[in-house]
Each structure stands twice: as structure tokens, then as C-alpha cells.
Amino acid sequence: MVPLTSISIVALALLGLSIAQNQIPITPNTPSHIPALGFGTWNLKISSANTSAAVSTAIQIGYRHIDCAPIYGNEKDVGKGIKDGLEEMGLKREDVWVTSKLWNDHHEPDMVEEALEQTLHDLGLEYLDLYLMHWPVASVPGKSIISYINTWHAMEALLTTSKVRQIGISNFSPHQLHHLISSSTHKPSIHQFEAHPYLQQTDWVKWHQDHGIRVTAYSPLANLNPVYGSPGKSKDTPPSLLENKEISEIAEKRGCTNAQVALKWGMGRGTSVIPKSSHTSRIEENFEALGCDLEEEDYDTISEVGKKYLKRFNNPSEGWGVPLYEGLDGT
Ligand SMILES: NC(=O)c1ccc[n+]([C@@H]2O[C@H](COP(=O)([O-])OP(=O)(O)OC[C@H]3O[C@@H](n4cnc5c(N)ncnc54)[C@H](OP(=O)(O)O)[C@@H]3O)[C@@H](O)[C@H]2O)c1
Ligand SMILES: *[C@@H]1O[C@H](CO)[C@@H](O)[C@H](O)[C@H]1NC(C)=O
């Protein structure tokens with residue numbers, strides 16, 4: 001267990017977040033809060049035991065928000081980790097926020113509830129706090145194109161069950177999101193997309209804030225993920241965030257690590273962040289980002305970093321043969 005220091009209490013108070021919660025309020029649908037710092041589970045699959053241990057450890061360290069997806073192929077192990085972590089801490093299901101996502105092969109409206117059931121079964125949960133449409137892309141073999149609007153309507157219907165608290169989306173372009181909002185009763189509570197110092201998308205983040213849609217930033221540590229290939233290989237690949245000169249200078253000045261600076265920057269701009277790690281020491285380090293105090297000038301410096309480097313690391317557009325992120329940076 002890593003207790004939050006008094007320094008972090010001050011930091012959280014300045015951020016308008018309270019310790020017990022570290023929460024960002026959500027406006028649409030029902031009143032709720034999403035913890036600003038979450039734990040990612042993509043590529044968390046060294047072994048079943050390792051996956052469960054990492055999730056359980058995260059909960060014991062203080063994370064109260066777990067980001068899952070069936071396509072990550074580990075929901076049973078993640079579910080066991082959630083169960084173990086809650087038990088270790090004497091916590092209840094409602095003390096932790098759990099997100100999962102609808103995969104592209106279940107966009108057919110009458111398959112949506114079945115996909116949710118499978119995820120709940122695998123995670124061993126009665127309900128999700130948030131169910132996201134993972135991509136605005138349907139891939140049902142042998143079926144005609146399914147509009148994400150019809151998929152969304154099926155997700156809206158889930159709100160009348162007790163199985164999901166909030167619904168949202170991931171990886172939508174501005175046009176796709178506008179289309180969705182104008183064709184539905186419920187706008188998404190949350191939009192999860194890639195955001196970090198090398199892909200800041202400040203206007204896009206602000207647009208959501210102005211429209212009462214919360215943003216969760218995925219890949220918040222930018223290019224630390226090995227699936228992105230070796231940093232420095234291509235010309236437009238920025239330096240690893242751990243080796244970025246400006247970020248290192250801020251880290252040194254504030255007594256934080258580079259990862260903590262990136263995460264705190266993400267939270268400071270009002271997005272929730274969901275870093276993933278398989279290693280206890282990093283799971284801990286990332287959680288302690290809550291206690292890393294950044295100054296106004298640090299945000300200015302990081303803003304300049306974003307002008308120097310611009311890189312989107314997650315873009316399956318070519319492989320899937322569909323346009324994605326149209327009108328957004330880094331495409
Ligand atoms: N909606 C979507 O389409 C989508 C797409 C991508 C990601 N996501 C979600 O967002 C989560 C996070 O994104 P991500 O996994 O792409 O990237 P990330 O969390 O930004 O980076 C993860 C990588 O950074 C390393 N790492 C973590 N903390 C570190 C630290 N303090 N120091 C040095 N290295 C560190 C991890 O290594 P070790 O594990 O070896 O420690 C791992 O390789 C995912 O797990 C997933 O839940 C969603
Ligand atoms: C997961 O496995 C890796 C590699 O063996 C190890 O370094 C790490 O400590 C393990 N994580 C947990 C939480 O047990």
C-alpha cells in the first residue's frame with residue numbers, strides 16, 4: 001500500500017479533486033464521477049497470474065478505475081484481479097469504476113447485449129460503470145455495413161437495464177461524433193481517445209468539455225508501448241517520453257518522473273488517464289502522479305513540446321481499409 005502524501009493532498013485540492021475520489025464529475029445521463037487516474041489493461045497478458053496480480057496490485061495501491069476490453073483477450077484474468085484487489089482491501093464492487101468496450105464484430109444491434117453479457121461474465125461483474133463503442137467501425141463477416149448509429153441505439157437501450165451505468169464511445173472523428181449526437185437521445189458520457197504530450201488535440205479536448213462529454217486519454221505515456229516499434233526508427237517518431245529533454249527538465253524541477261509529468265499534465269487538463277504497466281514499481285510510480293505538482297509554466301512548456309512533435313501511434317485505418325480520425329491531428 002502506498003499512502004498518498006500530504007503533498008499530494010494539497011495537489012489534489014488545487015486540482016479540485018478530493019483524495020478519496022480523485023474524481024471528475026460526469027454530467028450526462030446520471031450523476032456520477034469517473035476517477036481521474038485509471039489502470040489500462042491492453043497487452044497485460046504475460047500470464048494469467050501476472051495479469052490478475054497486476055490488476056489486484058493496482059487496486060491495492062489505490063487505483064479505482066480499470067479500463068478493459070474483450071479484444072485485449074484477458075477479461076477473465078482482469079476480473080479475477082479486480083475480485084482479489086477488492087477482497088484484499090475490504091472494498092465493494094461499487095468502490096471501483098470498471099469500463100469495458102464493445103468490439104467491432106458485435107455492432108449488429110441484436111448482438112450488442114450479448115457482447116455485454118459475455119464481458120460481464122468474463123469480468124465476473126453484475127454491471128459496468130461504462131460501456132464504450134471501441135471503434136466507429138463494424139466488422140461483421142458476411143454482413144452488410146452496419147451504421148454506428150444503429151449500434152449506438154442498441155447501446156442506449158442498455159441504459160434501461162441494470163447492466164451499465166454510462167455509455168460512451170472511442171476513436172470517433174468530429175463528423176462521426178456530430179452525426180451520433182444529432183441522431184440519438186443520449187449523447188456519450190465519455191469519449192476515450194489517444195492523447196499525450198505528442199498528440200495534445202487541445203481544441204478537440206476543449207470541444208468535449210464545452211459539450212459536457214468527458215474525455216479519457218488513452219496511451220497517456222505516448223510511445224512507451226513496445227507494440228509501437230522502436231522509438232527513433234522513423235524520422236517523425238519523437239524521442240521516448242522518458243528521454244524527452246523538456247519533459248525531463250520539468251520532472252527534475254518538480255521532483256517527479258517523466259511518466260508522472262505526462263500523467264499529471266493529462267489530469268490537469270481535465271482528462272482521465274489510464275496508463276498500463278505489468279510492473280508493480282511502475283504501477284506505483286504512475287499512481288503517485290497524483291502527487292506531482294506542476295506549475296502553469298510547465299503546461300506552457302508541454303504545449304510547446306506538442307508543437308515540436310506530433311505523432312498518433314494508434315491508427316489501424318490502413319489495415320482496416322476505412323478512414324479514421326478525419327479532421328483530427330496526426331492523421
Ligand atoms: N480505446 C482504444 O482504442 C485504446 C487504444 C489503446 C489503449 N487503450 C487503453 O489505454 C491503456 C493505456 O494505453 P497503452 O497501453 O497503449 O499505453 P501507455 O499506458 O501509455 O504505455 C504503456 C507502456 O508503458 C510502459 N510503462 C508504463 N508505465 C511506465 C513508467 N512509469 N515508466 C516506464 N515505462 C512505463 C509499460 O511497460 P510495462 O507494462 O512493461 O511496465 C507499457 O509498455 C491501454 O492499456 C488500454 O486500456 C485504449
Ligand atoms: C509480471 O511479469 C513480469 C515479467 O516476468 C515481472 O517483471 C512483473 O513483476 C510481474 N508483475 C506482477 C504484478 O507480478
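Please read all numbers here as calculations on a predicted model, not as lab measurements. Read the numbers this way: they start at 1 and go in the same order the structure lists the ligands and their atoms.
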Quiz prompt | Under-4.0 Å heavy-atom contact with ligand 1, by part of N314 that carries it | solution = side chain
Quiz item: Between F193 and ligand 1, which part of the residue brings a heavy atom under 4.0 Å of the ligand: side chain, backbone, both or neither?
Solution: neither
Self-check item: Option passing side chain to side chain contact (heavy atoms under 4.5 Å, CB included) with W42 (candidates I274, N314, I71, D67)
Solution: N314
Practice problem: Determine, using ring centers only, whether Y63 and H65 are less than 6.0 Å apart. | Solution: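 No, too far apart.
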Quiz item: Is the ring centre of H196 less than 6.0 Å from the ring centre of Y218?
Solution: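 No, ring centres 6.0 Å or more apart.
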Exercise. Specify the protein heavy atom at minimum distance from atom 13 (C) of ligand 2: its residue, its atom name, and the distance to 0.1 Å.
Key: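 For atom 13 (C) of ligand 2, the nearest protein heavy atom is S278 O, 3.6 Å.
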Quiz prompt | Nearest protein heavy atom with distance in Å, relative to atom 9 (O) of ligand 2 | solution = H279 CD2, 4.2 Å
Exercise. Identify whether NZ of Lys or CZ of Arg in R93 sits under 6.0 Å from the centre of the six-membered ring of Y127 and within 45° of that ring's axis.
Key: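 Ring-cation test returns yes.
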Quiz item: Who's closest to atom 14 (O) of ligand 2 heavy-atom-wise, of T51, I283, N50, L44?
Solution: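 Heavy atom nearest to atom 14 (O) of ligand 2 belongs to N50.
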Quiz item: How about D105 and S139: does a side-chain donor come under 3.5 Å of a side-chain acceptor?
Solution: no
Quiz item: If you measure from each non-hydrogen atom of T280 to ligand 2, which part falls under 4.0 Å: side chain, backbone, both or neither?
Solution: side chain
Quiz item: Protein heavy atoms: any of them under 4.0 Å from atom 5 (O) of ligand 2?
Solution: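 When distances to the protein are checked, atom 5 (O) of ligand 2 has no heavy atom within 4.0 Å.
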